[in-house]
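Read through the structure below, which is laid out as structure tokens, and then see the notes.
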Amino acid sequence: MRLSQLPWTTLKETPAEAEVVSHQLLLRAGLIRRLTSGIFTWMPLGLRVLRRVEQVVREEMDRAGALEVLMPAVQPAELWQETGRWERYGDLLLRIRDRHERDYCFGPTHEEIITDLARRELRSYRQLPVNYYQIQTKFRDEIRPRFGLMRAREFVMKDAYSFHLDQDSLDTTYAAMAQAYTRIFRRLGLRFRTVDADSGEIGGSRSQEFHVLADSGEDAIAYCDADGYAANVEMAPTFPPAAPRPAPAAALARVATPDSRTIEEVSALLRTAPARCLKTLLVEAADGGLVALALRGDHNLNAVKAERLPQVARPLAMATAERIRAVTGVPTGFAGPVGLDVPLIVDHAAAALADFVAGANAEGFHHTGVNWGRDAPEPAVADLRNVVPGDPSPRGGALEIARGIEVGHIFQLGDKYSQAMHATVLDQDGRERIMTMGCYGIGVSRIVAAAIEQNHDAQGIVWPAPMSPFDVTLLVLNPKNSDAVTAAAGALYLQLQEAGLEVLLDDRDARPGVKFAEADLLGIPHRLVIGERGLKEGLVEYRRRRDGAEEKVASSDAVAFLVRQLAATDPG
RNA sequence: CGGGGUGUAGCUCAGCUUGGUAGAGCGCUUGCUUCGGGAGCAAGAGGUCGCAGGUUCGAAUCCUGUCACCCCGACCA
């Protein structure tokens, strides 16, 4: 592509609307433009990146035996009513109505559509297993779209759905998909991690997420390189402390803490470590009352774990200040286990405390020297907290925490949808059997953003080679001043293309500094410069974007040299 | 949806407190000079100050309403 033919606008200044690097650089490099909140246009150069990601995904899905289809984006309400999600999915579902006042939605996901398709198309166990996939535009009316492509409302997703007669078959396909996903992210040149995950609203049993590692990631991942364990912190279990609880040493005392409600305030006032304080949280209970959840002051509540408790209302809801006052008679900030009259569930670590500080269930007072069994009943104990660095891994090592961006998620759905929609086949004995399903998603457009979050520097984007919009960019310096330079550049441009490379030729009538700066911003991994200076000696200049490594190459060797560079950097 | 914030030229922003002629930098156009890391000089084009109503002789500025966008929380690829 000749840049002189492309109306390409870059931005020197960061648009005010962009908060995260990927969003800023996508806008500055002219790869996307915002139409409205969470909805973007892919510009010519940006679309090339998206297409390259799609292509890798497509190749690996095909290799894994999945079948590409393209389902409609607009879906009739009836199918969603069949599974009950027309109501349950809530406002995330963009509902639309046609001229006949019939209800539709713009598809946020396609379980209903594919299950409907499967129950029509699949009649016999002989046709199973089958795995359909598509790469398609989804719409989710997010409460708050943000971070550009990271959480857009309209986005490109690869979603696959597999159908099976039994669990063994599902296990096989699930494993094949896990392997395909690993190949995809590896081929794209991304640093990523596969983690155990909560299956969430979509339902089902087994579930794993694929996270691109980046400090700006919205998710926290607990992992241990030594033993290979990795899980979303939502899922990573904690264990009862190995050491037994110390015997009580201090007497229970009631102290005035008039304006101290938070752990920070109380621990500062009483000169105690937060780890020696009890954090008592009041949440809505399943029976309509409240439940108290207690943690060590330096630990955080894990909502997924809390929701699993039968006593706790789903979804997890912290009690409001009014509710707390109405039920306990005390304002927020002073709840504690001594004399508490709502049910109490305590985290392992907090149950191992002795002589600790806790709220006194009276406005302006806390207790010190509190001990379980003596001052408050031996509590019901559960795993309630998020893991912290250093916690033991389930496999024996010690956990570390990293930030990640979720770009893929695979689930075993079981018969949740096939049951609701009666998707059956006849088995070997001629009996009708509900099919078992798996589903497998990749956030294709999100990968583009995640790749930038992980690969950028002060100058701009540093594309992993497999998803770069071009393999190489060829800058022609001052083409107007020298016909020889222009001719040499044109010839090299053709030769590179003949060698099978995608080339971006910067033949614009622009100053060299502009070309250098914009090339860095755009982030193509390999750059060749052809200018009067070098050409006199028969040389072109090579520069690698990632580390700035430079080399002068005889123009006659340039193509061969570049082919070698590409081979060295392309993992695919 | 709750809380916070912002809407002035394509982009980044000033002007608003204390009402009176709409500004700067970048970008764009033309010319000259430049030309190996986002050039210099000169001349230009470009704005119903988000929208609607109100107050006023007069509103970007004050008041009311409304819309859009951004940020913080719960959800997700």
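Here the structure is a predicted model, which means the values were calculated and not measured.
Using a 4.0 Å cut-off, no side-chain N or O of R144(A) falls inside it from OP1 or OP2 of A74(B). Contact between the side-chain N/O atoms of K515(A) and the OP1/OP2 oxygens of G37(B) is not found at any separation under 4.0 Å. Applying the 4.0 Å criterion to OP1 and OP2 of C69(B), one finds that T36(A) has a side-chain N or O inside that range. OP1 or OP2 of C70(B) lies within a sub-4.0 Å distance of a side-chain N or O belonging to S37(A). The phosphate of A39(B) (OP1 or OP2) has a side-chain N or O of R511(A) nearer than 4.0 angstrom.
In this structure, CD of E209(A) is placed 8 Å from P of A77(B), rounded to the nearest angstrom. Put simply, CD on E19(A) is 13 Å from C1' on C69(B), counting in whole angstrom units. Rounded to an integer number of Å, the gap from CG of L477(A) to C1' of U34(B) is 15 Å. Distance, R146(A) CZ to C76(B) P: 13 Å, rounded to whole Å. Regarding H211(A), its NE2 atom lies at a distance of 12 Å from the P atom of C76(B), rounded to whole Å. Spacing between atom CZ of F411(A) and atom P of A77(B) amounts to 5 Å, rounded to whole angstrom units. Spacing between atom CD of E13(A) and atom P of C13(B) amounts to 8 Å, rounded to whole angstrom units. Between the C1' atom of A77(B) and the CE atom of M61(A) lies a distance of 14 Å, rounded to the nearest Å.
Outside the 6.0 Å centre-distance limit, the rings of Y181(A) and Y440(A) are not counted as a close aromatic pair.
Rounded to whole Å, the separation between the P atoms of G46(B) and G10(B) comes to 12 Å. For the C1' atoms, the distance from A74(B) to C28(B) is 45 Å, rounded to whole Å. The same atom, P, is picked in C49(B) and in C62(B); the two are 15 Å apart, to the nearest Å. With both ends at atom P, the span from G20(B) to A60(B) equals 9 Å, rounded to whole Å. For the P atoms, the distance linking G19(B) with G65(B) amounts to 22 Å, nearest Å. Spacing between A68(B) and A52(B) at atom P, rounded to whole Å, works out to 16 Å. Using atom C1' as the reference point in both C51(B) and G7(B), the two lie 11 Å apart (nearest Å). Between G73(B) and A24(B), the distance separating the two P atoms is 40 Å to the nearest Å.
Here G90(A) lies out of heavy-atom contact (under 4.0 Å) with every strand. Nucleic acid contact class of R33(A) (heavy atoms, under 4.0 Å, all strands): none. Counting any heavy atom pair closer than 4.0 Å across all strands shown, L521(A) reaches a base atom. Residue-level contact check: G531(A) touches the bases, meaning some heavy atom is under 4.0 Å from a base atom. Using a 4.0 Å heavy-atom criterion, one finds that D219(A) contacts the bases of the nucleic acid, with or without backbone contacts as well. Residue-level contact check: R527(A) touches the bases, meaning some heavy atom is under 4.0 Å from a base atom. Using a 4.0 Å heavy-atom cutoff across all strands shown, A152(A) reaches at least one base atom of the nucleic acid.
Residue K12(A) is the one, among G441(A) and K12(A), whose nearest nucleotide of RNA chain B lies closer to the 5' end (criterion: closest heavy atom). Ranked by how close their nearest RNA chain B nucleotide is to the 5' end, A16(A) and D520(A) are led by A16(A).
The partner of C69(B), taking Watson-Crick or G-U wobble pairs whose two distances both stay under 3.5 Å, is G5(B). Across the strands present, C41(B) finds its partner in G31(B); the criterion is a Watson-Crick or G-U wobble pair with both atom distances under 3.5 angstrom. With a 3.5 Å ceiling on both atom-pair distances, the Watson-Crick or G-U wobble partner of C62(B) is G54(B). Here A24(B) sits opposite U12(B) as a Watson-Crick or G-U wobble pair (both hydrogen-bonding atom distances under 3.5 Å). Base-pair partner of A77(B): not found among the strands shown (Watson-Crick or G-U wobble, both distances under 3.5 Å).
In this structure, F155(A) forms an aromatic stack with the base of A77(B), since both conditions hold: centre separation below 5.5 Å and plane angle below 30°.
For T9(A) against G27(B), no side-chain N or O and base N or O form a donor-acceptor pair under 3.5 Å. The base of C76(B) sits with one of its N or O atoms less than 3.5 Å from a complementary donor or acceptor on the side chain of R151(A). In this model, no side-chain donor or acceptor of R34(A) finds a partner on the base of C70(B) within 3.5 Å.
Judged by the 6.0 Å distance and 45° axis criteria, R48(A) is positioned over the aromatic ring of F470(A).
Although no hydrogens or angles enter the test, the distance criterion places a donor-acceptor pair under 3.5 Å between the side chain of Q454(A) and the main chain of R191(A). Looking only at distances, no side-chain donor or acceptor of N455(A) sits under 3.5 Å from a matching main-chain atom of I461(A).
A salt bridge links D457(A) with R545(A): the distance from a Lys NZ or Arg NE/NH1/NH2 to an Asp or Glu carboxylate oxygen falls below 4.0 Å. A salt bridge is absent between K158(A) and E60(A); no separation between the charged side-chain nitrogens and carboxylate oxygens falls under 4.0 Å. For the pair K138(A) and E154(A), the salt-bridge criterion is not met [side-chain N within less than 4.0 Å of a carboxylate O]. Salt-bridge formation is detected for the pair R85(A)/E111(A): a Lys NZ or Arg NE/NH1/NH2 atom is positioned less than 4.0 Å from an Asp or Glu carboxylate oxygen.
Between A77(B), C70(B), G37(B), one nucleotide has an atom nearer to the side chain of F516(A) than all others, and that is G37(B). Considering only the side chain of V514(A), G38(B) comes nearest among A74(B), G38(B), C70(B).
Note on ring orientation: taking the six-membered ring where Trp is involved, the planes of Y132(A) and F163(A) are perpendicular (angle over 60°, cut-offs 30° and 60°).
In U21(B) the O4'-C1'-N dihedral to the base is within 90° of 0, which defines a syn nucleotide.
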